[in-house]
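A short write-up of the structure that comes next.
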Number of protein chains: 2
Amino acid sequence: MRKLPAKLASQLYGAAELIAERGLDGTKIEDIAEATGIPKATIYYHLDGKNAVLEFLLGDLLDMIAGAVGVAVTSEENARTRLEAAVLAQLGVMLEHPSLCRALVGDLGRATRLPELAAALRTAFYEPIEQLLADGVSDGSLRQVADPAAVALSVFGAITVAGLSAAVEGPSADPSADAARFSAAITELVLDGLATPGSRDQRRGDPL
Amino acid sequence: MRKLPAKLASQLYGAAELIAERGLDGTKIEDIAEATGIPKATIYYHLDGKNAVLEFLLGDLLDMIAGAVGVAVTSEENARTRLEAAVLAQLGVMLEHPSLCRALVGDLGRATRLPELAAALRTAFYEPIEQLLADGVSDGSLRQVADPAAVALSVFGAITVAGLSAAVEGPSADPSADAARFSAAITELVLDGLATPGSRDQRRGDPL
DNA sequence: CTTGGTTTGTACTGTGAGTACAACATACGA
DNA sequence: TCGTATGTTGTACTCACAGTACAAACCAAG
């Protein structure tokens, strides 16, 4: 069941739009069969049901994200620069595949209840950020924060929500331009913060 | 159907944990009936089906958040301070009601497909942030950014993902302490950013 | 005690997921 | 050429569960 023939796999993508639009519940297996051209019996021959269809599609998306981010993270630059690259990479993939992202948002609950997917989600989205933040403290390119885990989570949220919501807004004419725009905004926020220069540091006394 | 008797409303909360755990799909109406003590026929007398149960529960959560944040935002302080208060308020409510939050994550797709809830989601989470960011620029307590909409979205994501994921981790012994902890981390990130003092501003030339 | 809204049990209908299976195709080695 | 294994597909099921119908009971308030 794991190695679905390539032809079928590509046909299955025809169901992504459908699932994104109506949610997995609102989508009948018969609809998927019709949209992809794969007869219901064949779907059941290879896959363990509706959930498996979603699992296959999202697994692929998550692999793409993890891959792109992985490349971005593996450079010789300092952590701050790699963080910027990772943000751009993640948003790039997400905006390239809006209907997969919409399907992901729509069936997040189901996704997190599918153990493999939950792990892939973590690997694709959260862990690279967490790692970069730690690296940045080591190489001095990012600040030490009081609660690294919580901050990593928030950074992850900032990126992911921006990407998902851009995907939900509907496909854009120029995904990579959008990715660059969002990426710049997030980077600006995450690196420099929103406080005005004058008011900065009037809160905490200790710089480290 | 809108004004469900108070007694039933309170009984209905007994279903939140169930729905959070198994998702709405994995929860039979009969299960809800059993968990709440409200017979199936009575549920259908008042509510339009399973979705309406979820809609009722989440509507309430969203109202609480919108309310708490609304209070936090309506003070005489400057926008930066009010932003801190809003973050704390939002996280406070979320951590106070972890199973509602889990239900929200789990059935986010359904929630966004229910028009009333989608609007309530926006009102509760996103709009207050957007407003505060704009206010901060006016009163000088927050920096002007290049793409305010994208930044507002990211801030919203940072807060919300932190809250949701804390809720998903399971209920905590001391919700308000957790809220304070997360709130501090997010505030630190969002206001001061992660760049080290030395490297700050070596990217963009124009301060405005 | 009657009228009108609620409450609830019971029995039903309809839909769609998933299964069973037989017929057929295709490949590949003997 | 045949035989066997592996995939493909149509058809016809089963079964669980959402939602509906309805009648009997209940409980005000006039």
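Within every chain, numbering begins at 1; the chains are lettered A, B, ... in the order of the sequence lines, protein sequences first and strands thereafter.
- Nucleotide dT6(C) holds its P atom 17 Å from the CD1 atom of I43(B), rounded to whole Å.
- When distances run from any side-chain atom of I29(B) to the nucleotides dA17(C), dA18(D), dG9(C), the shortest one goes to dA18(D).
- Scanning atom types as modelled, one donor and one acceptor separated by under 3.5 angstrom connect the side chain of K40(B) and the base of dG19(D).
- Considering CD1 of I32(A) and NZ of K50(A), their distance stands at 6.5 Å, rounded to 0.5 Å.
- The shortest distance between the side-chain N/O atoms of Y45(A) and the OP1/OP2 oxygens of dT8(D) is not below 4.0 Å.
- Per the geometry, NZ belonging to K50(B) stands 9 Å off P belonging to dC17(D), to the nearest Å.
- In this structure, the CD atom of E34(B) is 12 Å from the P atom of dG9(C), given to the nearest Å.
- Residues E55(B) and R110(B) are not paired through a salt bridge, judged by the lack of any N-O separation under 4.0 Å between the basic side chain and the carboxylate.
- Partner M94(A) forms a side chain to side chain contact (heavy atoms under 4.5 Å, CB included) with one of L100(A), I159(A), L104(A), I65(A) and no other, that one being I65(A).
- I38(A) places its CD1 atom 16 Å from the C1' atom of dG10(D), with the value rounded to the nearest Å.
- Distance from the side chain of Y44(B) is smallest for dA18(D) among the nucleotides dA18(D), dG16(C), dG7(D).
- The side-chain heavy atoms of V105(A) and R102(A), taken from C-beta on, include no pair separated by under 4.5 Å.
- Rounded to an integer number of Å, the gap from D25(A) CG to dA16(D) P is 19 Å.
- Put simply, CD on E30(B) is 13 Å from C1' on dT8(C), counting in whole angstrom units.
- Within 6.0 Å of CD on E34(A) lie no more than 12 heavy atoms contributed by other residues, nucleotides or ligands.
- When distances run from any side-chain atom of A41(B) to the nucleotides dG18(C), dT9(D), dG9(C), the shortest one goes to dG9(C).
- Atom CG in L47(A) sits about 12 Å away from atom P in dT19(C), given to the nearest Å.
- As rounded to whole Å, 13 Å separates atom C1' of dT20(D) from atom CG of D48(B).
- Residue T42(A) has its side chain nearest to dT9(D) when only dG7(D), dT9(D), dA17(C) are considered.
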